[in-house]
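Not measured: the values here are computed from a predicted model. Lettering of chains follows the sequences in order, A, B, ..., and the numbering in each one begins at 1.
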Amino acid sequence: MAYQALDYYLLDDLLTDEERLIRDTVREFVTDNLMPVIETCNSEGRFPKELVKPAAELGLLGAPYPEKYGCANLGPIAYGLINQELERGDSGLRSFVSVQTSLVMYPIFAFGTEAQKDYWLPLLGSGEKIGCFGLTEPDFGSNPGGMLTRAEDKGSYYLLNGSKAWITNGTISDVAIVWAKLDGVIRGFIVETDRKGFSAPEIKNKFSLRASVTSDLVLEDVEVPKENIFPDVRGLKGPLSCLTQARYGIAWGATGAAMAVFDECLQYSKSRIQFDKPIASFQLVQNKLAWMATEITKSQFLVYRLGQLKAAGKLRPQHVSMAKRNNVGTALDIARVGRDILGANGISNEYQTFRHMANLESVNTYEGTFDIHTLIIGEDLTGIAAYA
Amino acid sequence: MNIYLLLKAVADSEATIRPTTDGKAVNLDGITWVLNPFDEFAVEEALKMRDAAGSGEVVAVSYGGEEVPKVLRNALAMGVDRGIHVKGAATFDALATARALANAVKGQSFDLILCGKSAIDLDNHGVGVMVAELLDLPSVSVVVKIEQKAGKLLCEREVEGGLVVVETPMPCVVCAQKGLNEPRYASLKGIMAAKKKPIDEVEGNAGESQVEVIEIQPKPQRQAGQILGQGVDAIPALIQKLREEAKVL
């Protein structure tokens with residue numbers, strides 16, 4: 001059966017015609033292009049790279065940035081809806097788009113020189129070049145400030161050494177945004193991946209995000225030209241401001257994954273017969289469905305309001321933490337309960353709920369774990385940091 | 001090359017169609033309006049022909065009420081240059097719709113009028129060819145291929161069991177069938193650009209409707225299936241049912 005998106009509170013009425021058309025277009029793109037291949041990609045552990053060009057032609061890469069870079073200049077709600085629809089298909093393709101848009105194009109757009117912007121943004125927006133973002137290290141995840149990757153000023157160039165871990169798109173990237181300490185201060189560098197000493201081995205054997213490329217980055221005496229540094233941004237606020245952008249999209253995306261799960265479970269429960277009636281007629285199943293629909297509706301309004309705050313320039317990173325924490329955590333809970341509704345069939349890849357559940361385990365962890373976002377909100381409310 | 005498109009807003013094919021309480025019209029509450037899928041082939045073909053010609057404009061014309069601008073925006077987002085909303089109440093009478101559209105298009109400068117072969121809501125297959133008659137233009141319907149040749153069009157139209165190749169002078173009306181092309185997605189840039197493209201409004205002149213709706217009935221509920229048995233033994237009973245009840249053998 002065709003996908004039917006839950007809109008219990010007629011949120012559609014609050015969207016503009018353009019926002020609805022963008023949402024519907026991406027929904028159709030996902031239905032036509034991603035859904036036919038996603039289960040195979042997931043079981044083979046393959047990223048559907050053939051979709052990068054069509055996605056770029058549609059305008060999905062760097063959608064919020066200005067027309068002069070070839071981008072669509074979308075507002076926050078339209079951008080959010082793109083993420084929702086992509087992750088309705090799979091967290092992997094949404095992750096690809098998030099990284100390209102929020103973690104690679106955003107820092108170039110926000111911190112880059114005019115030359116860096118003019119060169120890179122059109123190439124990344126058109127999908128001609130793929131990018132990745134190197135902040136996390138094997139021993140520094142929730143505590144990125146402790147990073148060991150170093151940059152040395154060698155007069156005519158910078159010399160980079162270190163390693164990064166859990167990097168989405170790493171192995172297929174043409175360019176990496178690498179954060180490294182220069183004289184003890186975190187700085188951002190644009191590193192072309194064909195530079196000598198750079199390698200990006202893929203992390204295999206994942207249980208989650210199997211249709212997405214995850215890699216280590218290894219930098220051994222990589223020489224980076226002086227003009228490849230972001231000139232003015234210093235300290236953790238550089239990479240963290242990128243994460244705020246990405247987390248914004250993730251909060252919307254996870255909502256889409258939850259909507260996909262709900263749709264599948266609702267349809268299944270109405271057609272699956274046990275004890276001579278559909279399992280949807282049992283109170284325990286209705287309890288699950290009612291809870292799922294309520295949580296999804298709450299998540300939808302949380303991100304809608306988040307989008308309004310972003311458009312109004314009132315958004316704080318802590319607002320994004322609340323939505324990322326709630327919507328991903330809830331989507332994961334919904335997928336676990338949904339898998340239960342599907343019974344034994346939910347174990348098979350004939351159904352997509354298990355795939356979403358496994359993906360959401362990653363999404364709940366990356367870009368600030370559920371617990372770290374709890375502490376960010378806690379600090380914001382109390383003024384007391386409780387990270388260490 | 002200037003091309004006029006005749007487009008129709010139709011209920012999304014997933015929508016549940018219910019009659020109004022008086023049984024004379026369709027209840028439009030909660031209907032999602034989309035561009036008639038056959039019209040999408042016309043839009044795609046028009047854009048391709050304009051771009052191949054390197055000049056000219058594509059104008060989308062649609063007759064109806066509030067549902068029209070939304071669907072015209074969709075065509076503008078795909079790349080159509082401007083829209084004309086011919087205002088009036090949508091009707092069951094294909095000839096009235098054709099009159100409203102023909103009156104709106106008459107006197108404009110165009111080389112070609114393209115539309116879908118039919119709309120998926122009423123399935124009249126009428127408006128395109130009626131507009132051609134009203135404008136005294138040649139028309140070709142159910143077209144799966146269009147080729148330009150020395151100022152004329154070669155059109156392949158589907159008929160039972162084969163294709164007919166028709167040559168027609170221009171201007172003319174061509175009604176698109178599935179298979180003519182693969183309609184593009186509206187790009188996100190296209191959607192944003194569509195906001196700035198004009199949609200002119202003109203009052204529709206549809207004349208008197210000659211169709212009266214007596215009654216609209218909901219689709220009958222599907223009957224539950226029957227299990228006649230299992231395996232080879234059940235086949236004679238199945239054949240008997242197919243022959244005597246379903247009357248398909």
field: Among the listed options A:Val26, A:Leu10, A:Asp32, the residue most often paired with chain B at heavy-atom distances under 4.5 Å
entry: A:Asp32
- prompt: Hey, what do you get for CG (A:Leu21) to CZ (B:Arg73), rounding to the nearest 0.5 Å?
  reply: 10.5 Å
Max heavy-atom pair count under 4.5 Å with chain B, selected residue of A:Ala63, A:Pro54, A:Gly70: A:Gly70
message: Is it the case that over 12 heavy atoms from other parts of the model lie below 6.0 angstrom from the CD atom of B:Gln108?
response: yes
- request: Can you measure from CG (B:Leu188) to CG (A:Leu58) and round to the nearest 0.5 angstrom?
  value: 5.0 Å
task: Could you tell me which portion of A:Ile82 (side chain, backbone, both or neither) has an atom closer than 4.5 angstrom to a non-hydrogen atom of chain B?
output: side chain
- prompt: Can B:Met192 and A:Leu74 be said to form a side chain to side chain contact (heavy atoms under 4.5 Å, CB included), step by step?
  reply: CA-CA 8 Å; B:Met192 300 309 281; A:Leu74 298 190; 3.4 Å; yes
- prompt: Should we count NZ of B:Lys145 as having more than 12 external heavy atoms under 6.0 Å?
  reply: no
message: Less than 4.5 Å to any heavy atom of chain B: does that hold for the side chain of A:Glu57, its backbone, both, or neither?
response: backbone
message: Can you confirm whether more than 12 heavy atoms, excluding those of A:Lys53, are under 6.0 Å from its NZ atom?
response: yes
- prompt: Say you draw a straight line from CG of A:Asp24 to OH of B:Tyr185; how long is it, rounded to the nearest 0.5 Å?
  reply: 12.5 Å
task: Select one option (side chain, backbone, both, neither) describing which atoms of A:Asp12 are under 4.5 Å from chain B's heavy atoms.
output: neither
Flag if over 12 foreign heavy atoms under 6.0 Å of CD, A:Glu50: yes
message: Distance check, rounded to the nearest 0.5 Å: B:Lys195 atom NZ versus A:Glu18 atom CD?
response: 5.0 Å
statement: Taken to the nearest 0.5 Å, the spacing of B:Ile191 CD1 from A:Asp17 CG works out to 11.0 Å
- line: Whatever's closer than 4.5 Å to a heavy atom in chain A on B:Ala77 counts as side chain
Rounded distance (nearest 0.5 Å) linking atom OG1 of B:Thr32 with atom CZ of A:Arg20: 9.0 Å
task: Give a yes or no on whether the backbone of A:Cys71 and the side-chain of B:Lys189 come within a donor-acceptor separation of less than 3.5 Å.
output: no
- request: Count the heavy atoms belonging to other residues, nucleotides or ligands that lie under 6.0 Å from OH of A:Tyr9, then report whether that count exceeds 12.
  value: no
